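Every chain is numbered from 1 and lettered A, B, ... according to where its sequence line falls, protein lines coming before strand lines. Since this is a predicted model, take the numbers as computed values, not measurements.
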Amino acid sequence: MALVQGRTAGTRRSRIINGTIVNGILAIIVILWTIPTIGLLISSFRERSDVITTGWWTIFPHTEYVSTGKPIQLASPPNLQQPINVEGQTYTNEQLTQGVKTPDGRILRWINKRSGIIDVQTSQWVARDNFTLSNYDNVIIGQQYTYQDNGVTKTDKGENMLNSFISSLTVAIPATIIPILIAAFAAYGFAWMKFPGRRFLFALVIALLVIPAQVALIPMLRDFNALGINGTYLSLWIIHTGFGLCLATYLLYNYISGIPREILESAFIDGASQFTIFTTLILPLSVPALASFAIFQFMWVWNDFLNALIFLGTNQDTQVMTVRLQQMLGARGQDWHLLTAGAFVTMILPLIVFFSLQRFFVRGMMAGSVKG
Amino acid sequence: MIQETKKAETRAGSNVSAAGFDPAKFGIALVGLVIVLAILLAGFIYLKGTTGVSIFNALVAIVWGVAGVGALYYTVNSLIESLPNVWRGRLLPYLFIGPAMGLLFWVLTLPTLRTLYQSFFNQDTTQFVGLNNYIATFTDSGMLESFRNNLIWIFGGTASVVILGLLIAVLADRSKFETVAKALIFMPMAISLVGAGVIWRFVYDARPVDQQQIGVLNSVLVGLGIEPQAWLTLQPWNNFFLIIVQIWAGTGFAMVLFSAAIKGVPIDLQEAARVDGATEVQAFFSIVIPYIQGTTITVATTTAISMLKIFDVVYVMTGGQYGTSVIGTEFYRQFFTNNNYGYGSAIAIVLFIAISPVLIYNVRQFGKQEGF
């Protein structure tokens, strides 16, 4: 009896240790995974000068060498070729240019070589915690520019991301709903109707699931040119509808074909037409599947870069957020502070959707894992 | 059962071919269809002419696109339902699947064939050049570099995503913090790869030695007394640093799928292995791994395809320079920078051929499916 108890206690102890190891490793991975995003989030609230000169982690208290504000004035202008005597110690000119540590832990560095002024820095606890909302202000409302026009000082607002936000919504909403609608019809057709070519056509849907977009881009661009709709939202809706249809049809087929026969049969006996059954019975019953796909497709369209770049282009009036952000990266690669806020503005909607509807998203993604 | 009823209906209808024809309904439906088409055309012309983004236009576009598709289905259905029974039965399935199949044909099937055709032509597709584009694809040093890099992406990236995804899923499964950990690992799925590019700039940033580092990685190096590295130009290792960004973004997907699969492994099986004296690790490799083999294949193929098609990360972070080009960026460069349509098409077709084994596998799996 005692032995058994001893053993269980032992297993329990080893389980606790195991649990600690598991949680420990998991915690390390999770921290590594989130650090990049946290860094960006913190940076987006920092002043411009802070962002480009110091790491984001300097917002946390840390020791840093800070000027005491009481420089040492050498008695006579120093001969830079000779060792220089400062408070009883000798240093070379080079050392003082780069900064040199004194025996008592201070750092000495030239402020002015000619007149022999040396800055004294001591190690202090600091935290660069001046936060600001101006990055978001600049990105969302537009940066204020002041310029001279015929002697008159004018201020103007630069381009902002609000436009691209609306643009992204204009692309994403129809590009989410239209393929779902069309795919739901097709899924019902494949699931509950018999017609010549049914098997072949569905095999085609499955084959097209993994087709790389690149294969279709050039001919589609030509067609849109011929139709005169290049650079319009319509072109991008057609592209996203086409690219999303296969997956949508496949997913919804799996769901709709699983709806119990009895439900449909009783409706048929009541004399309902296929169209009525589809709109009044099938669609409401398929809401979970429709929602799952909708979230998946919305995220996909919102985060899409290649298609938006090619079909909608970089025109400032219509460009979507991903393209806008990429343009900021290229043209204003040095405006790090704006990039950070811009990146977060592009992420905010998908992140909200993600955290509030995660369950649906995961379900849609798992069902859609056949897509490349 | 439904199919049989319909067949019976059809047979009965064929005796009197005009049975069920409703001229009045047909007329109304026809008028309705013409009106819907006219409204769609008017909307098309209006939207074609709009430049710039406005909330009003966005709303018009959304209503036009979504309601237009719905109205089209409705009126065509009314038209079909007014037809004689024979025709109704024959045409109705095609109303349901027709638009989807038509779009897939226009946006995916046809362009693939057209791209294939174009790949045998010269730069501006005026002259037949046979296999020259393909020969160039496999001899050009830029393309060879892309192939090499894509191979690194496919093998290095896929292996990492699968192993990490499985590891995290297993750890999370045994942890109390499963939900939180999984949500945080999964979160990058909601972030566009352009956004990821901005996030990771703050990790990989490199400053000259005498300046303070603002990139996390270099800051760690400097803290350890090692010289900072320019990660994104450090050939050939920069490819791995780009792959890490994609791993960061894609592991959540693998984790979610593995997590579901692991939960599906019967507990008795694992218990039985433990009773037989197997250690946790042994039980994992002899029971869990074989059990989730199907999921592993799905995750691996899906990830491999996304690694093969990779474009955004490379384009945003290095533009394909410093020896980081991949097939996706080479395609873009040939097509949009060099306007070399023939060559661009050949690259797209090579990409398609590389993916085709998965396509064939998917169709084969479908062929085995019963009840279709």
Q: With a 4.5 angstrom heavy-atom cut-off, is it the side chain or the backbone of Ser345(B) that approaches chain A, or both, or neither?
A: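 Interface part for Ser345(B): both.
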
Q: Please round to the nearest 0.5 Å and tell me the distance separating atom CG of Asn77(B) and atom OG1 of Thr279(A).
A: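 One finds 8.5 Å between CG of Asn77(B) and OG1 of Thr279(A).
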
Q: With chain B, which of Ser273(A), Ala248(A), Ala186(A), Ser235(A) has the greatest number of heavy-atom pairs at distances under 4.5 Å?
A: Ala186(A)

Q: If we define contacts as heavy-atom pairs under 4.5 Å, which of Ala181(B), Ser119(B), Ala354(B) has the most with chain A?
A: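 Answer, by heavy-atom pair count under 4.5 Å with chain A: Ala181(B).
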
Q: Looking only at heavy atoms, what is the nearest atom pair of Ile218(A) and Gly344(B), with distance?
A: CD1-C, 4.3 Å

Q: Would you mind telling me which of Asp312(B), Ile360(B), Val203(B) has the largest number of heavy-atom pairs within less than 4.5 Å of chain A?
A: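 The answer is Asp312(B).
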
Q: Given that the side chain runs from C-beta out, which part of Phe355(A) has a heavy atom under 4.5 Å from chain B: side chain, backbone, both or neither?
A: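 Phe355(A) touches chain B through side-chain heavy atoms alone.
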
Q: Residues in side-chain contact (heavy atoms from CB on, under 4.5 Å) with Ser259(B), at least two apart?
A: Ala169(B), Glu178(B), Lys182(B), Lys263(B)

Q: Can you tell me which portion of Ile182(A) sits under 4.5 Å from chain B's heavy atoms? Options are side chain, backbone, both or neither.
A: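 Backbone plus side chain of Ile182(A), per the 4.5 Å heavy-atom cut-off to chain B.
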
Q: For each of Ile238(A), Leu217(A), Leu349(A), tally heavy-atom pairs with chain B at distances under 4.5 Å, and name the one with the top tally.
A: Ile238(A)

Q: I need the residue from Tyr332(B), Tyr73(B), Phe311(B) with the largest number of non-hydrogen atom pairs under 4.5 Å to chain A.
A: Tyr73(B)

Q: Pick from Ile35(A), Leu204(A), Val171(A), Ile310(A): which one has the most heavy-atom pairs with chain B under 4.5 Å?
A: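 Among the listed options, the one with the most contacts to chain B is Ile310(A).
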
Q: Chain B heavy atoms under 4.5 Å from Ser43(A): which part of the residue, side chain, backbone, both or neither?
A: side chain

Q: For chain A, which of Gln365(B), Gln118(B), Arg174(B) has the most heavy-atom pairs under 4.5 Å?
A: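 Between Gln365(B), Gln118(B), Arg174(B), the count favours Gln118(B).
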
Q: Who wins among Leu306(A), Leu351(A), Thr34(A), Thr322(A) for the most heavy-atom pairs under 4.5 Å with chain B?
A: Leu306(A)

Q: Which one of Ala187(A), Ala203(A), Ala343(A) has the most heavy-atom pairs closer than 4.5 Å to chain B?
A: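 Max contact count across the listed options: Ala203(A).
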
Q: Atom OG1 in Thr340(A), atom CZ in Arg201(B): separation rounded to 0.5 Å?
A: 11.0 Å

Q: What distance separates Asp304(A) CG from Ser192(B) OG, expressed to the nearest 0.5 Å?
A: 9.5 Å

Q: If every non-hydrogen atom of Val22(A) is compared with every non-hydrogen atom of Leu171(B), which pair is closest and at what distance?
A: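 Nearest pair, atom of Val22(A) first, then Leu171(B): CG1-O, 3.3 Å.
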
Q: Before giving the answer on side chain to side chain contact (heavy atoms under 4.5 Å, CB included), spell out for Phe366(B) and Val205(A) the whole-Å C-alpha distance, their side-chain angles and the decisive distance to 0.1 Å.
A: CA-CA 11 Å; Phe366(B) 164 72; Val205(A) 169; over 6 Å; no

Q: Testing the basics here: between Leu351(B) and Pro212(A), what is the closest heavy-atom pair and its distance to 0.1 Å?
A: CD2-CB, 4.0 Å

Q: Could you check whether atom CZ of Phe336(B) has more than 12 heavy atoms from other residues, nucleotides or ligands sitting under 6.0 Å from it?
A: yes

Q: Any side-chain to backbone donor/acceptor pair from Asn303(A) onto Ala190(B)? Under 3.5 Å, distance only.
A: yes

Q: Can you give me every donor-acceptor pair (side chain of residues 97-116 of chain B, partner residue at least two apart or in another chain, under 3.5 Å) with its distance?
A:
residue	atom	partner	partner atom	Å
Trp106(B)	NE1	Asp223(A)	OD2	2.8
Thr109(B)	OG1	Leu104(B)	O	3.3
Thr112(B)	OG1	Leu108(B)	O	2.6
Arg114(B)	NH1	Asp223(A)	OD1	3.2
Arg114(B)	NH1	Asp223(A)	OD2	3.0
Arg114(B)	NH2	Asp223(A)	OD1	2.9
Thr115(B)	OG1	Val215(A)	O	2.5
Thr115(B)	OG1	Pro111(B)	O	2.8

Q: Dump the intermediate steps for side chain to side chain contact (heavy atoms under 4.5 Å, CB included) on Tyr341(B) and Arg222(A), then the final yes or no.
A: CA-CA 11 Å; Tyr341(B) 301 128; Arg222(A) 294 202 165 168; 3.5 Å; yes

Q: Go through the atoms of Ala207(A) and report whether side chain, backbone, both or neither lie under 4.5 Å from a heavy atom of chain B.
A: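 Contact with chain B: backbone and side chain both.
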
Q: Non-hydrogen atoms of chain A under 4.5 Å away: do they reach the side chain of Leu308(B), the backbone, both or neither?
A: neither

Q: For Phe195(A), is the CZ atom crowded, meaning more than 12 foreign heavy atoms sit under 6.0 Å from it?
A: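 More than 12 within 6.0 Å, yes.
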
Q: Can you tell which part of Ile177(A) gets under 4.5 Å to a heavy atom of chain B, answering side chain, backbone, both or neither?
A: side chain

Q: Taking the inter-plane angle between the rings of Phe305(A) and Tyr315(B) on a 0 to 90° scale, is it parallel (under 30°), tilted (30 to 60°) or perpendicular (over 60°)?
A: tilted

Q: Start with the C-alpha distance between Phe96(B) and Phe278(A), add both sets of side-chain angles, then the distance that settles ring-ring contact (aromatic ring centres under 6.0 Å, His included), and finish with yes or no.
A: CA-CA 10 Å; Phe96(B) 278 77; Phe278(A) 174 74; 5.7 Å; yes

Q: Can you tell me which of Thr346(A), Leu208(A), Leu32(A) forms the most heavy-atom pairs within a distance under 4.5 Å of chain B?
A: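 It is Leu208(A).
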
Q: Provide the closest heavy-atom pair for Val194(B) versus Gln326(A) in the form atom of the first, atom of the second, distance.
A: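 Scanning both residues completely, I find the closest heavy atoms to be CG1-N, 3.8 Å.
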
Q: When you compare the side chain of Val198(B) with that of Leu40(A), does any pair of heavy atoms fall below 4.5 Å?
A: yes

Q: In Å and rounded to the nearest 0.5 Å, what is the CD1 to CG distance from Ile206(A) to Leu359(B)?
A: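 These two atoms lie 10.0 Å from each other.
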
Q: Should Phe335(B) and Leu221(A) count as side-chain neighbours, where that means a heavy-atom distance under 4.5 Å?
A: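 The answer is yes; the side chains approach within 4.5 Å.
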
Q: Please state whether the side chain, the backbone, both or neither of Pro196(A) comes within less than 4.5 Å of a heavy atom of chain B.
A: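 Contact with chain B: backbone and side chain both.
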
Q: Donor-acceptor pair, Trp33(A) side chain versus Leu184(B) backbone, under 3.5 Å?
A: no

Q: Would you check if the side chain of Arg199(A) reaches a backbone N or O of Gly367(B) as a donor-acceptor pair within less than 3.5 Å?
A: yes

Q: Within the distance-only criterion (no hydrogens, no angle test), does the side chain of Trp200(B) pair as donor or acceptor with the backbone N or O of Pro36(A) below 3.5 angstrom?
A: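 Checked: no pair found.
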
Q: Between Leu41(A) and chain B, which part of the residue has a heavy atom less than 4.5 Å away: side chain, backbone, both or neither?
A: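 Leu41(A) has no heavy atom closer than 4.5 Å to chain B.
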
Q: Can you check side chain to side chain contact (heavy atoms under 4.5 Å, CB included) on Ile355(B) and Ile211(A), steps first, answer last?
A: CA-CA 7 Å; Ile355(B) 288 176; Ile211(A) 279 206; over 6 Å; no

Q: Please determine, among Ile327(B), Asp205(B), Val299(B), the option with the most heavy-atom pairs under 4.5 Å with chain A.
A: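 Looking at each of Ile327(B), Asp205(B), Val299(B) in turn, Asp205(B) comes out on top.
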
Q: Identify the heavy atoms of Pro174(A) and Val66(B) that sit nearest to each other, and give their distance.
A: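 Closest heavy-atom pair between Pro174(A) and Val66(B): CA-CG2, 4.4 Å.
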
Q: Rounded to the nearest 0.5 Å, what's the gap from CD on Glu81(B) to CD on Gln274(A)? Could you check?
A: 9.0 Å

Q: What option among Tyr361(B), Phe352(B), Phe331(B), Trp64(B) has the most heavy-atom pairs under 4.5 Å with chain A?
A: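 Greatest number of close heavy-atom pairs with chain A: Phe331(B).
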
Q: Rounded to the nearest 0.5 Å, how far apart are CE of Met347(A) and CD1 of Ile191(B)?
A: 4.5 Å

